[in-house]
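See below for the structure under consideration.
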Amino acid sequence: MNMPSHVLSYVRGLERFPAYVYDLPGLRSHAEAVCSALKSPQAADGPELYYAAKANPDAPLLRVLAPFVDGVEVSSGGELVHVRQVLPDARLAFGGPGKTDEELRLALDLGVHRLHVESPHELRRLASLDRPAEILLRANLPVATSGAALSMSGPFGMDEDALETCAELLTGHPRLRLRGVHAHLASGLDAPAMLGLASRILGWAVPWLRDVCGITDPEVNLGGGMGVDYTAPDRLFDWKDYAAGLAALAPPGVRLRIEPGRAVTAYHGWYVTDVLDVKTTHGHTYVVLRGGTHHLRTPVTKGHDQPFVPLPSGGAQEPTQRATLVGQLCTPKDVFARDVPVPSLQPGDVVAFAMAGAYAWNISHHDFLMHPKPEFHYLDH
Ligand SMILES: *Cc1c(COP(=O)(O)O)cnc(C)c1O
């Protein structure tokens with residue numbers, strides 16, 4: 001695990017911990033690479049790229065991403081208002097289960113580009129507002145997603161019966177226009193698995209949209225879920241292969257869209273903190289760090305060891321022992337990394353957790369135990 005030199009020199013100058021440090025130049029070049037893979041000549045008319053704001057809706061990150069994305073996917077009224085304010089001109093897609101009438105009205109007031117409808121009841125409530133909207137129906141298809149970190153079955157989207165009901169409601173509706181299907185079915189998949197999934201989604205959705213719904217130029221949003229491997233921070237999702245595969249799969253005249261979150265922002269956030277104590281209990285060494293998983297919940301939710309870079313003041317980084325890195329919370333669940341190789345660490349030494357740019361601060365239970373909040377640094381130059 002390496003830390004880019006510009007981040008390292010910044011982190012060495014930090015005086016207060018814990019701190020979130022966002023590497024905006026790194027994020028910019030990553031977004032540029034993803035964008036150019038998707039829009040490369042080999043990918044023909046590549047998919048539109050929307051960023052799923054729930055991965056990390058931080059304003060400075062949204063501003064960095066804006067030039068490289070075609071839009072932003074939001075999943076609540078809160079995200080909708082926030083993203084509209086930060087990026088007034090961005091195209092927005094609004095999805096998520098349990099949208100309230102207020103949220104539906106807000107979506108129309110703020111001019112969302114696409115509304116992802118999750119149920120017939122939601123569609124009826126939308127229809128009763130009697131205002132124009134461009135719609136994708138969210139499908140919950142019975143396609144296998146083995147190997148996925150998360151499978152999005154359950155309450156998300158609709159089975160074929162509910163989709164039929166919606167299609168009938170939309171037929172001839174004066175103000176609601178059915179544009180296509182949205183299918184975010186799994187997350188944590190590599191490019192070949194994502195392509196397998198895309199092929200099954202398209203195999204069902206395109207004939208349904210064309211032959212049953214009579215849409216000549218259908219749209220299919222294939223969702224997000226592009227894999228991020230926390231055990232191999234250097235092994236990125238293969239955007240080039242994915243784009244080339246999609247180009248081969250896409251039937252002519254079908255507009256594809258994807259909406260990744262984690263694979264866009266995970267790599268460029270760091271949670272940097274310092275060692276408060278080192279102790280050995282019943283033969284097991286614990287490094288107690290300032291802060292905890294109430295700031296960086298990711299290792300707890302994913303059940304992994306968060307990758308990290310130890311920055312001991314002595315400089316020697318070679319592992320000399322095994323230890324468990326914990327925070328300040330009074331719960332045995334407050335573990336960043338369990339029984340991992342570490343160099344000799346002393347109180348005051350710094351440890352920087354990597355891959356803390358997505359589903360990190362914003363999914364954490366900040367107020368538990370009332371410790372001070374981290375500082376936020378947006379590195380840009
Ligand atoms: C969470 C979510 C995404 C983004 O998923 P990632 O795993 O972060 O890529 C995209 N679309 C929908 C509907 C989601 O709920």
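In each ligand, atom 1 is the first atom listed, and ligand 1 is the first ligand listed. No hydrogens, no waters, no symmetry mates; every other heavy atom, side chains included, goes into these values.
Checked for salt-bridge contact, R257 and E219 meet the test: a charged N lies under 4.0 Å from a carboxylate O. Under the 4.0 Å criterion applied to side-chain N and carboxylate O atoms, D380 and R28 are assigned as salt-bridge partners. Checked for salt-bridge contact, D367 and K373 meet the test: a charged N lies under 4.0 Å from a carboxylate O. We find that D217 and R210 are not joined by a salt bridge, their nearest charged nitrogen and carboxylate oxygen being 4.0 Å or further apart.
Atoms of ligand 1 found under 4.0 Å from any heavy atom of A52, numbered from 1 in the order shown, are 3 (C), 4 (C), 10 (C). For ligand 1, the atoms sitting less than 4.0 Å from at least one non-hydrogen atom of R262 are 6 (P), 8 (O), 9 (O), numbered in the order shown with element in parentheses. Listed by atom number, the atoms of ligand 1 under 4.0 Å from G261 heavy atoms are 4 (C), 6 (P), 8 (O), 9 (O). Which parts of ligand 1 touch G224 is read off a 4.0 Å heavy-atom cut-off, strictly below it: atoms 9 (O), 10 (C).
Residue contacts with ligand 1 leave out G223, since none of its heavy atoms falls under 4.0 Å from the ligand. Residue Y359 places a heavy atom under 4.0 Å from ligand 1. Not a single heavy atom of S75 sits under 4.0 Å from any atom of ligand 1.
When ring centroids are compared, Y286 and H284 come within the 6.0 Å threshold.
Of the residues listed (H295, H377, H294), the one engaging Y271 in a ring pair (Phe, Tyr, Trp, His ring centres under 6.0 Å) is H295, and it is the only one.
A donor-acceptor pair is defined here as one N or O able to donate and one able to accept, closer than 3.5 Å; such a pair exists between the side chain of D349 and the backbone of Q346.
For the pair P260 and ligand 1, the shortest N or O to N or O distance does not fall below 3.5 Å. Residue S187 has no nitrogen or oxygen atom sitting less than 3.5 Å from a nitrogen or oxygen atom of ligand 1, judged on distance alone. Polar contact check, G225 against ligand 1: a nitrogen or oxygen pair lies under 3.5 Å apart.
Residue contacts with ligand 1 for H116 are absent, since no atom lies close enough (heavy atoms, distance under 4.0 Å).
Heavy-atom contacts from other residues, nucleotides or ligands closer than 6.0 Å to CG of N2 number 12 or fewer.
With atom 12 (C) of ligand 1 as the reference point, the heavy atom nearest to it among R138, E118, H184, H182 is part of H184.
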